[in-house]
Colleague: 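Sharing a structure here in C-alpha cells format.
Each chain gets a letter, A, B and so on, in the order the sequences are listed, and its residues count up from 1. The model shown is predicted, which means the values in this text are computed figures rather than measured ones.
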Number of protein chains: 2
Amino acid sequence: MARVRKTVTIRDVAEEAGVSLQTVSRVVNGGPNVRPQLRDKVQAAIDRLGYVPSLAAQRMSGSRSYIILAINDRERTLADWRERRGTDWVDQMLLGGILTCSKHGYRMMVELVDTHSDHVERELGAALSALQPDGVILTPPHSENRLITELLAERRIPFARIGSDAPGPGIPLTMGDEGAAHLATTRLAELGHRNIAMIAGPSAYSLSGWRIEGWRRALAERGLPHEGLLEVGDFGYESGTRAARALLDRNPDCTAIIASSDQMALAALEVARDRGLSVPHDLSLISFDNTPIVRFSQPPLTAIDQPIAETVSRAVEQLIARTPSEGAAAVIEVAATLVERSSTAPAPDRA
Amino acid sequence: MARVRKTVTIRDVAEEAGVSLQTVSRVVNGGPNVRPQLRDKVQAAIDRLGYVPSLAAQRMSGSRSYIILAINDRERTLADWRERRGTDWVDQMLLGGILTCSKHGYRMMVELVDTHSDHVERELGAALSALQPDGVILTPPHSENRLITELLAERRIPFARIGSDAPGPGIPLTMGDEGAAHLATTRLAELGHRNIAMIAGPSAYSLSGWRIEGWRRALAERGLPHEGLLEVGDFGYESGTRAARALLDRNPDCTAIIASSDQMALAALEVARDRGLSVPHDLSLISFDNTPIVRFSQPPLTAIDQPIAETVSRAVEQLIARTPSEGAAAVIEVAATLVERSSTAPAPDRA
DNA sequence: ACAAGTCTTGAGAACGCTCTCAAGATCGGT
DNA sequence: ACCGATCTTGAGAGCGTTCTCAAGACTTGT
C-alpha cells in the first residue's frame, strides 16, 4: 500500500482507474450494474491508493451519516465516573455498540444529556443537528422522556428505547427485568427463604417497577409475604445502606435480600457484616447488574446479569436495518441471566 | 424555540437576518470585524431558528473536523469487557475526554485497533481517512508503536502519546509511574517492611519498566533488597495468582507486595487468603489503577490512583490548542496519588 | 435485421459550510 | 475636506461525495 501524503479522494481513484467519479462511487457502495471487469479495475485502484471515503463528504451528499448516537444521563454517568462507583454501564454499552456498529461500517458516539434540565430539548437538538445521526439509542431514564422521544419522532430519526416497553414511536427493548426478578425471588424461595426483601430502584426508572412486579409475582405464587419487605433506593451505595438497615430493623426474620443494583447489594453486605450476620449463612443476597465489583467482594455476589452490551447491540442492528419505525414495533427482550456465586445459600433453620 | 421540521441551515439564518452567509458564518465562529449591532441581529436569528452548524459540512469546507479520536487496544479492551474484568480504563478515558471535548465544542470517538496484527496501518489509516480527526490520542501499548506514530506524523495529524516519554513526534504524557511506584515502596518501607515485592506488568508497556525503576530506586535508597522480589504478570487475574504464589514461595519473609494492576493485587489477596495470611496483618498490598473493584474487596485495597481521566483531558486540551507538535514537546506528567485503604499496615514483628 | 428494451457509464448539480478576494463604508491625519 | 488605511460586508468558488438524468452499448424478440 502506497504511503499517503495527501488525502486520497474519489477523484484520484477515478483518475487512476480511468473511469468517472460515479463509477467509483458505485463500486465503493456495492452498487449494481457495473461490469465485473471494470469493477475489478476500480477495486484495484482503490486498494493501490488506499482510498477510504470521507464520512463527512458522504454525509454532505445527502446519504447516511453512518453515525449512531447513544444518549446517556449526564448527571448519573458523571457521578459514577468521578467517584469510580463501579458501574460499567457506559463501558458495556459503548463497546457493545462500537463492535456492532463497526461490523456494519457505522460509528458510535456517546452524548451525555441532562434529563432534569429544561435544556434537554436544546442540548439534544444541538447534538442532532451537529451530528445528524442515522439512529439514536436512548437509555434509562431517558427512554421514556416525552420531550426527547417527541423531538426524535418529529425529526424522523429512528431511535431505540432501552428499558422501555411503552407503545409509541421508537423501538422498545427491555432486559427482562420482571422475569429476572421473578427468577431471583423464586431461586431464593427454593432455597427455603420465606421473608425475601427487595431494595428497589427509583420509580423514575420503569425497570424499577418491573422488578418489583416480578418479585411480587413470585412471592404471590408461593404465598409468601411482601408487606414491609420493600425499600426504595437510588441505586447508590448510601441509599443501599439506609435501605438494608431499615429492612433488617423492621424484619428480624428476613433472610434474603434482592438489591436492584450491585452497589446497593454491596452496601447491604456491609450492613450485614456490621450486624454480625454472615452472608450467605444468615442472609442471602442477590444483586442486579453483575458489574465487576461484585466478583471480588467477600463473598462474591450472586447476581442478575444485565445483558447491556447485547441489548445495545440489538438496538444498533435494528436501527441500521431502519425498520420503518412507524407502526408500533414489537418489544425486543434480551433475557437477563442469574449468575450464582457465593452470596446465596439455603435459609437458616430457625423453626 | 421554533419546532424544526427540516434541518436549519446557515442559509436559513442568513435569510432570516437579512445578511449574507458569510456574515452568519463569522458570527457563528466568533470571527472578528462584525458590527455589534449586526452580530446581535444574526445571533437572534440563530437562536430563533435553533441553528447549529453541521459538523460534516464544516469538515467539508476545509476547516476542522472537531473530532478527537482515541485509540485503544482492541484485544485487551474486548477481553476486559466481555469478561467484565473490572478495568475502567475505557470509561475513565472516554468520559474524561468527552467532557473536555464538549467544553471546546469537539467530539470524541473511540477506535479499537489491534496492535498485533499487521493490519494496524490499514485499520488505523481507514479510520483516519473516514473520520479525519483533528487529533488522536494514543494509549498504551500503542503509544510507542512505530508504525502508528509514523503514520500519524506523516499525515500531519497532531497526536498525544499517553504513557510514553520517548522523544519523537506527538505530545508525550505520563502518569508519573516511576514516582508513584517510588511513593508506594517508600510508604511500605516506612511501615517497617523490608522485603517488598513487586508484580510488574508486561514489558511491552513502558510504564511497567518505570514502575520497576521507581520500586528499585526506593529500595536502593534504604538499602533494601530486590533480588528475587520481582515477578512479571500481564495485568490479568490469573497471572497475578501465579506471580503471588511464586513470590511467596520464594520469599517467606516477604511482607508486602506492590501489584501493577488491581486485578493482580486482588489475585494476590486471594492467594494470601488461601495460605492463611491475613491482609494487612501478615501481608501488605498496594495496587496500581484504583478501579472500583478495589474498594469493595475485603479488605479494601490501598492503591495508586492512575489519573486517567485527567490525563486524557490534558491530552485533549493540548491537541485542541494545536501546539505545533513539531519540535519535541516536553513530557506532560499528571501525578498519580496514593489512596490509603485497609490493605496496608505496619510490618509484623518477627525479629 | 429493426424497434424496444435493459445495462452500463458519465456529466453535472447539489449538500452546508468556510475560504479568498474584492467592493463599499468608515476613519484618521494633515 | 481629501487621501490612504482599516473595517465591514458580500459574492463566488471549492471541499468530497452521491443523486438525477441522459446517452451510448448490448440484448432480445419477432
Colleague: Side chains of A/D47 and A/Q43: does their closest heavy-atom pair fall under 4.5 Å?
Modeller: yes
Colleague: Between A/L131 (CG) and C/dG16 (P), how many Å, whole number?
Modeller: 16 Å
Colleague: Return a single string for nucleotides 4-14 of chain C, one symbol per nucleotide in 5' to 3' order, where B is base contact, S is sugar-phosphate-only contact and - is none, cutoff 4.0 angstrom on heavy atoms.
Modeller: ----BBBB---
Colleague: Provide the full list of ring pair (Phe, Tyr, Trp, His ring centres under 6.0 Å) pairs with a residue in residues 18-46 of chain A, sequence neighbours left out, each pair given once.
Modeller: none
Colleague: According to the ring pair (Phe, Tyr, Trp, His ring centres under 6.0 Å) rule, which pairs have a member within residues 9-67 of chain B, sequence neighbours left out?
Modeller: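 Residue pairs with at least one partner in residues 9-67 of chain B: B/Y66-B/Y106.
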Colleague: Keeping the roles fixed (side chain from A/S143, backbone from A/I162), state whether a donor-acceptor pair exists under 3.5 Å.
Modeller: yes
Colleague: Rounding to a whole Å, what distance do you find between B/N29:CG and D/dT8:C1'?
Modeller: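 Between C1' of D/dT8 and CG of B/N29: 17 Å.
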Colleague: Figure out the CG/P separation between B/L55 and C/dC17, and round it to whole Å.
Modeller: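 So the CG-P distance, B/L55 to C/dC17, works out to 11 Å.
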Colleague: Identify, with sequence neighbours excluded, every residue that meets side chain to side chain donor-acceptor pair (under 3.5 Å) alongside A/T23.
Modeller: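 Expected list: A/S20.
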Colleague: Only pairs at least two apart or in different chains count here, so list each salt bridge (Lys or Arg N to Asp or Glu O under 4.0 Å) that has a residue in residues 58-72 of chain A.
Modeller: none
Colleague: What is the separation between atom CD1 on A/I10 and atom P on D/dC15, rounded to the nearest whole Å?
Modeller: 14 Å
Colleague: Within this structure, what is the OH-to-C1' distance between B/Y66 and C/dT18, rounded to whole angstrom?
Modeller: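 Nearest whole value for this atom pair: 10 Å.
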Colleague: Salt bridge (Lys or Arg N to Asp or Glu O under 4.0 Å): which pairs involve residues 21-32 of chain B, sequence neighbours left out?
Modeller: none
Colleague: Any chance you could encode DNA chain C as dot-bracket? Rule is Watson-Crick or G-U wobble with both distances under 3.5 Å; [ ] for pairs crossing earlier ones, | for another strand.
Modeller: ||||||||||||||||||||||||||||||
Colleague: What integer distance in Å separates A/R11:CZ from D/dC15:P?
Modeller: 7 Å
Colleague: For A/N72, give me all partners under side chain to side chain donor-acceptor pair (under 3.5 Å), at least two apart in sequence or on another chain.
Modeller: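 Scan of A/N72 (side chain to side chain donor-acceptor pair (under 3.5 Å), adjacent residues dropped) gives A/W89, A/T139.
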Colleague: Without decimals, in angstroms, what is the distance between A/Q132 CD and C/dG16 P?
Modeller: 8 Å
Colleague: Tell me the salt bridge (Lys or Arg N to Asp or Glu O under 4.0 Å) pairs involving residues 94-117 of chain A, sequence neighbours left out?
Modeller: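 Every pair satisfying salt bridge (Lys or Arg N to Asp or Glu O under 4.0 Å) with a residue in residues 94-117 of chain A: A/R107-B/E111, A/E111-B/R107.
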Colleague: Can you check the B/M60 CE to C/dC19 C1' distance for me, whole Å?
Modeller: 13 Å
Colleague: Report yes if a side-chain nitrogen or oxygen of A/Y51 is closer than 4.0 Å to either non-bridging phosphate oxygen (OP1 or OP2) of D/dT17; otherwise report no.
Modeller: yes
